[in-house]
Each structure stands twice: as C-alpha cells, then as structure tokens.
Amino acid sequence: MEAQRNFIAGEHCAALSGRTLDVLDPSNGEVFTTLPRSETRDVDAAVAAARAAYRGAWGRTTATERGRIMMRLSHLILRQHAALAELECRDTGKPIQQAQADITACARYFEYYAGAADKLHGETIPYAQGSTVLAVRVPHGVTGHIIPWNYPAQIFGRSVGGALAAGNACVVKPAEDACLTPLRIAALALEAGLPAGALNIVCGLGMEAGAALAGHTGINHISFTGSPQTGTAVAQAAAVNHVPVTLELGGKSPQILFADADLDLALPVVVNAIVQNAGQTCAAGSRVLIDRAIYAQVMALLKDRFEALTTGPGLQGPDCGPLINRKQFERVQAMVDAACGDGVQVAARARLVTGAPKGGFFFEPMLLGAVPPTHTIAQAEVFGPVLAAMSFDGEEEAIEIANGTPFGLTAAVWTRDGARQLRVAHRIEAGQVFINNYGAGGGIELPFGGMKHSGYGREKAFEGLRGFTTVKTIAIQHG
Ligand code: NAD
C-alpha cells in the first residue's frame with residue numbers, strides 16, 4: 001500500500017522532516033504501509049490551517065449548511081463502506097464484521113450530528129428592567145482530538161462529528177498504531193463540501209505530534225481518548241494554556257448477574273462484552289460478578305461459550321482478532337502470568353484457528369475463575385480478552401465490589417427484579433448503567449463518559465455536542 005500522508009489545509013502531505021513510521025498488520029506482524037512521523041512544525045501548520053478556516057469560510061458557514069455537509073459525508077462513508085471496513089480490519093486486526101459495524105457507526109455519528117447542527121439553541125435570561133440577555137452557544141474555536149487505535153473510525157466520528165457540527169475547526173492526532181480510516185474519511189469530507197482547513201489530520205508518535213498538539217497555544221479545546229496515564233499528561237499540558245479537556249479513559253466495567261437473571265439473555269452479551277475488539281475496548285465488560293447461588297452453573301455455561309470461540313486473522317471473520325501490537329500482547333500476557341502466579345485459575349480458554357499466521361498478535365480469550373476482587377487482574381485495565389469472574393453474597397456486596405475499582409465508566413445489572421434494577425443502577429458509580437443489556441459505550445444517542453479515573457466530560461448525544469461549545473453572554477440595555 002502506498003505511503004500515508006498527513007491531511008493539512010485540504011492537501012495530503014508528508015511530514016516536514018520526511019520521516020516515517022512503519023504500520024504493521026496485527027494479523028501477521030508485517031509492515032504494509034508507512035505514516036508520516038510528524039513533529040511540532042507539522043502540528044503548527046495544521047493548527048494554523050484550522051485557525052484560518054475558523055476565521056474564514058468555515059466560520060461563516062451556517063449551522064444548517066454545516067449539517068448538510070456532514071450528511072453528505074455520512075453518505076460518502078456509506079458508499080465506501082466495504083473498502084473502509086476492510087481497511088479498518090487490516091489496520092486494527094479486528095474481525096471484519098466488527099470493522100463493518102464500526103464504519104456504519106462512524107457514518108451514523110456524522111448523520112446524527114448533521115441533524116443536530118442547527119438544533120443547538122442558546123437561552124434568554126430574565127434580567128434587569130429594559131434589558132435583554134442572550135446566552136449564545138458558540139464553538140470553542142480550534143479543537144484538538146487525540147484518538148486511540150482501538151476504534152479509529154468510530155472515535156474519529158464521535159469526536160470530530162460533534163466538534164464540526166458545533167462549528168469548530170479540528171486538528172486530529174490519530175494513534176500511530178491505527179489511523180488509516182480517519183485519513184480516508186478526512187479526504188471524503190472535502191468531497192462533501194467541507195472547506196479546506198476545517199479538518200486536519202497529523203499522524204505521528206504520541207510523545208511527539210501528540211504532545212505538541214496537547215500543549216499547543218493555538219488550541220481552544222482538547223478531546224482525548226486513551227490511557228489514564230496519557231490522559232493525565234494531556235490534561236497537564238493543556239492546563240498550562242488554560243485549555244478545557246474532555247478525557248475518556250479506561251474502565252473495569254462490571255457485569256452483575258443476580259440469581260434471578262435471564263441467563264439465556266445475559267451470557268451471550270457477557271461474553272461479547274469482553275471478546276469484542278479482543279477486549280481492547282474502554283467499556284469492555286472485563287469483570288463478571290456472579291451471585292454465589294448460581295456461580296457454579298454460570299461458570300460451566302461460560303466455559304462452554306469461551307471454548308467455542310475462535311481467534312484468528314480479522315479478515316477471516318473470527319470471534320476474536322489479534323491484539324494491536326507486540327507490546328500490547330506482552331502486556332496482557334504478563335498481567336495474566338502474574339495473576340496465575342498468585343493462584344488465579346484459568347477456567348476456560350478459546351482456541352486459535354488453524355493456519356493463523358505465526359507473526360500475528362493472537363491472544364485467545366480467557367476466563368479467569370474465583371478472582372479475588374482486590375487482585376490486580378480484577379482492578380487494572382487489561383485491555384485484552386480476559387474476563388475476571390468472582391462471586392458475591394447479596395446486593396450490598398455486589399455494589400461494593402462493582403464500585404471497588406478506581407474506574408467508573410460503564411456497568412450492567414442483570415436481574416428480573418424491577419425494584420432491584422433501579423436500586424442497584426442508582427448506586428453504581430459509572431457514567432452508563434445498562435439493565436438487562438449492555439452496549440459497551442452504547443448507542444450514538446446516549447451520553448457517554450466516565451466517573452472517577454475513567455475521566456470527565458461527555459461525548460456522544462447532544463451532551464457531547466454541548467461539550468464542543470461554550471456560552472457567550474450578550475447583555476443588551478435597550479430601555
Ligand atoms: P495512549 O493513551 O498512550 O494513546 C492514545 C493516544 O494518545 C494516541 O493517539 C497516542 O499517540 C497519544 N499520546 C500518547 N502519548 C501522548 C502524549 N504524551 N501527549 C499527547 N498524546 C499522546 O494509549 P496506548 O499507548 O496506545 O495504549 C496503552 C494503554 O492505553 C492500553 O493498554 C489501554 O489500557 C489504554 N487505552 C485505552 C483506550 C480507551 O479507549 N480508553 C484506548 C487505547 C488505549
């Protein structure tokens with residue numbers, strides 16, 4: 001595949017230094033293209049292009065017209081659905097059916113925010129006699145978007161969709177491990193009628209291009225999705241310039257199974273919540289809390305389901321694809337080895353398809369049984385297909401274990417008892433709680449974001465759109 005290039009001021013360009021980074025196919029470990037290794041001066045050029053667009057043609061575009069451009073972009077994405085899904089599959093390693101769903105979701109973000117663009121109203125405020133006060137919703141200006149490798153297309157759509165609809169000009173730093181679909185979609189945006197410079201993409205390493213964007217004085221807002229450690233670094237860099245930040249960090253989301261749960265409904269969802277994207281999902285359901293009365297029964301059923309799962313190259317459509325890279329593979333393996341060294345039992349393991357390439361970063365999904373809730377494997381984000389199962393006695397203990405990690409992103413409560421459903425949901429410390437279903441972040445219409453170490457600010461839905469605006473008060477004394 002030909003070398004990838006940045007997208008700045010409507011033009012594709014190499015990094016100013018000419019340096020590149022290799023891009024590996026996680027299904028076989030082979031290099032299949034290169035990315036520009038951008039640095040501060042490339043980011044400077046992208047921010048300048050965004051500022052010029054914001055002060056120029058894009059800044060003068062009406063909300064209705066912004067919406068129309070985004071709707072055209074949504075249609076263009078759908079028209080290229082198959083090619084984009086294949087690219088996403090190759091770049092991230094995820095099973096092709098998941099890549100297809102991701103491209104559909106990306107198009108849906110632009111569709112949703114297209115419709116929302118001209119429905120974002122301000123307020124009027126009763127004030128002094130003879131005056132009118134307007135609280136007008138205005139864009140931040142130039143927004144920075146630092147996105148991870150696990151859902152490049154979806155998180156691009158989620159973040160940029162809201163920001164553009166609100167009238168911001170964007171500079172995106174996608175992840176060095178997977179960023180091909182954002183580059184393709186940015187070019188489609190131009191075809192959809194987006195003025196040059198309203199959307200810019202700068203590829204490169206987190207410590208170089210990412211850090212340059214996070215600390216840039218020309219940025220007015222940053223939206224970051226990724227690890228808690230990098231989130232801290234981004235927030236610190238932005239704080240120097242007093243730039244607001246939205247942080248969407250990791251999770252250790254619990255699936256709580258009460259004794260009266262509908263297991264036929266629950267168990268396929270519980271398995272999918274950890275196997276989806278090989279567990280590399282911030283909202284992965286990585287803990288299953290099981291009422292002691294049904295623990296043995298549930299573990300036997302989960303074992304059957306785990307052992308029936310296939311792991312293999314994404315394009316073959318397995319249940320689980322490879323992890324993103326060797327570093328991530330070694331990290332997951334080390335965490336599991338440490339847990340097993342402490343006596344945690346592997347209750348079940350999925351299988352690798354025959355003929356899977358030797359160089360692929362395959363980690364077969366694993367079910368760990370009777371995990372102590374305070375053990376690292378039940379507390380820290382593994383970011384791999386590893387499900388930690390544990391039992392509880394009664395509602396109080398279930399809530400205590402569910403809330404007993406530093407994270408608070410999502411959770412699911414499985415019970416037929418209506419009063420318990422809401423009682424527990426209200427006490428769970430998480431940005432989203434699902435009852436008798438689970439959405440790993442849920443639909444585009446649902447506000448999404450964390451509590452505690454899972455971050456702050458909300459994306460998706462109208463809530464996300466508001467986050468890409470600020471309020472300007474205009475007070476008129478007219479007598
Ligand atoms: P990361 O947080 O380091 O990377 C996310 C993005 O931030 C990438 O675009 C990266 O280039 C950029 N970045 C890295 N350092 C930066 C810096 N100093 N300043 C600005 N931007 C910077 O994540 P990773 O290294 O790709 O993965 C490590 C761990 O992060 C994973 O094991 C997982 O636990 C977690 N993770 C979480 C999510 C999520 O959706 N919550 C996504 C990806 C990774």
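First listed ligand is number 1; within each ligand, the first listed atom is number 1.
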> Output a table of donor-acceptor pairs, distance under 3.5 Å, between side-chain atoms of residues 47-54 and any protein atom two or more places apart or on a different chain; print 'none' if there are none.
from	atom 1	to	atom 2	distance (Å)
Arg51	NH1	Asn220	OD1	3.4
Arg51	NH2	Gly218	O	2.9
Arg51	NH2	Asn220	OD1	2.8

> Check the side chains of Gln4 and Thr33 for a donor-acceptor pair under 3.5 angstrom, ignoring hydrogens and angles.
yes
> Using side chain to side chain contact (heavy atoms under 4.5 Å, CB included) as the criterion, point out the one residue from Phe329, Phe361, Trp149 that pairs with Pro26.
Phe361
> Starting from atom 17 (C) of ligand 1, locate the nearest protein heavy atom and write down its residue, its atom name and how far away it is, to 0.1 Å.
Gly206 O, 3.4 Å
> In the protein, which heavy atom is nearest to atom 5 (C) of ligand 1, and how far is it?
Thr225 O, 3.9 Å
> Of the protein's non-hydrogen atoms, which lies at the shortest distance from atom 43 (C) of ligand 1, and what is that distance?
Pro148 CB, 3.4 Å
> Determine, counting only non-hydrogen atoms of the protein, whether one lies under 4.0 angstrom from atom 41 (N) of ligand 1.
yes
> Pull out every atom of ligand 1 sitting under 4.0 Å from any heavy atom of Pro174, numbered as shown with elements.
9 (O)
> Among all protein heavy atoms in this structure, tell me which lies nearest to atom 39 (C) of ligand 1, with the distance rounded to 0.1 Å.
Cys282 CB, 3.4 Å
> Between Lys327 and ligand 1, does any nitrogen or oxygen pair lie at a separation below 3.5 Å?
no
> Within the supplied structure, the quantity of interest is the number of heavy atoms (other residues, nucleotides, ligands) at a distance under 6.0 Å from Met1 CE; does it exceed 12?
yes
> Just checking, is any N or O donor in the side chain of Thr92 or Tyr151 under 3.5 Å from an acceptor N or O on the other one?
no
> For atom 32 (O) of ligand 1, which protein heavy atom lies nearest, and how many Å away is it?
Gln328 NE2, 2.9 Å
> Could you work out, for atom 20 (C) of ligand 1, the closest of Gly210, Gly204, Gly279 by heavy-atom distance?
Gly210
> Give me the ring orientation class for His221 and His140: parallel if the planes are under 30° apart, tilted from 30 to 60°, perpendicular past 60°.
parallel
> Hey, does Ser159 have a side-chain heavy atom less than 4.5 Å from the side chain of Thr225?
no
> Tell me whether Gly231 reaches ligand 1 (any heavy atom closer than 4.0 angstrom to a ligand atom).
no
> Report, as yes or no, whether the 6.0 Å neighbourhood of atom CZ on Arg55 holds more than 12 heavy atoms from other residues, nucleotides or ligands.
no
> Identify, for atom 12 (C) of ligand 1, the protein heavy atom at the shortest distance, and state residue, atom and that distance.
Ile146 CG2, 3.6 Å
> Please work out whether the ring planes of Phe434 and Tyr438 are parallel, tilted or perpendicular, with thresholds of 30° and 60°.
perpendicular
> Could you name each residue pair satisfying side-chain hydrogen bond (donor to acceptor under 3.5 Å, both in side chains) that touches residues 313-331, not counting sequence neighbours?
Asp177-Asn325, Thr310-Asp319
> Any nitrogen or oxygen of Ser227, side chain or backbone, less than 3.5 Å from one on ligand 1?
yes
> Do ligand 1 and Leu249 have nitrogen or oxygen atoms that lie under 3.5 Å from each other?
yes
> Atom 33 (C) of ligand 1: which of Phe383, Trp149, Phe224 has the nearest heavy atom?
Phe383
> Return yes when Tyr151 approaches ligand 1 closer than 4.0 angstrom through a heavy atom, no otherwise.
no
> What about Asp177: any of its N or O atoms under 3.5 Å from an N or O on ligand 1?
no
> Tell me: protein heavy atom nearest atom 3 (O) of ligand 1, and distance?
Thr230 OG1, 2.9 Å
> Heavy-atom contact check, 4.0 Å cutoff: does Arg331 meet ligand 1?
yes
> So, Ser223 and Glu459: side-chain donor and acceptor under 3.5 Å apart, yes or no?
yes
> Distance to 0.1 Å, residue and atom name: give those for the protein heavy atom nearest to atom 18 (N) of ligand 1.
Met207 SD, 3.7 Å
> Kindly check if the number of other-residue, nucleotide or ligand heavy atoms within 6.0 Å of CD (Gln345) is above 12?
no
> Should Ile147 be counted as touching ligand 1, given the test is an N or O pair under 3.5 Å?
yes
> Any side-chain donor paired with an acceptor under 3.5 Å for Asp44 and His216?
yes
> Which of the atoms of ligand 1 are close to Glu176, meaning less than 4.0 Å from one of its heavy atoms?
10 (C), 11 (O)
> Run the numbers for me: atoms of ligand 1, each under 4.0 Å from some heavy atom of Lys173, listed by number.
9 (O), 10 (C), 11 (O)
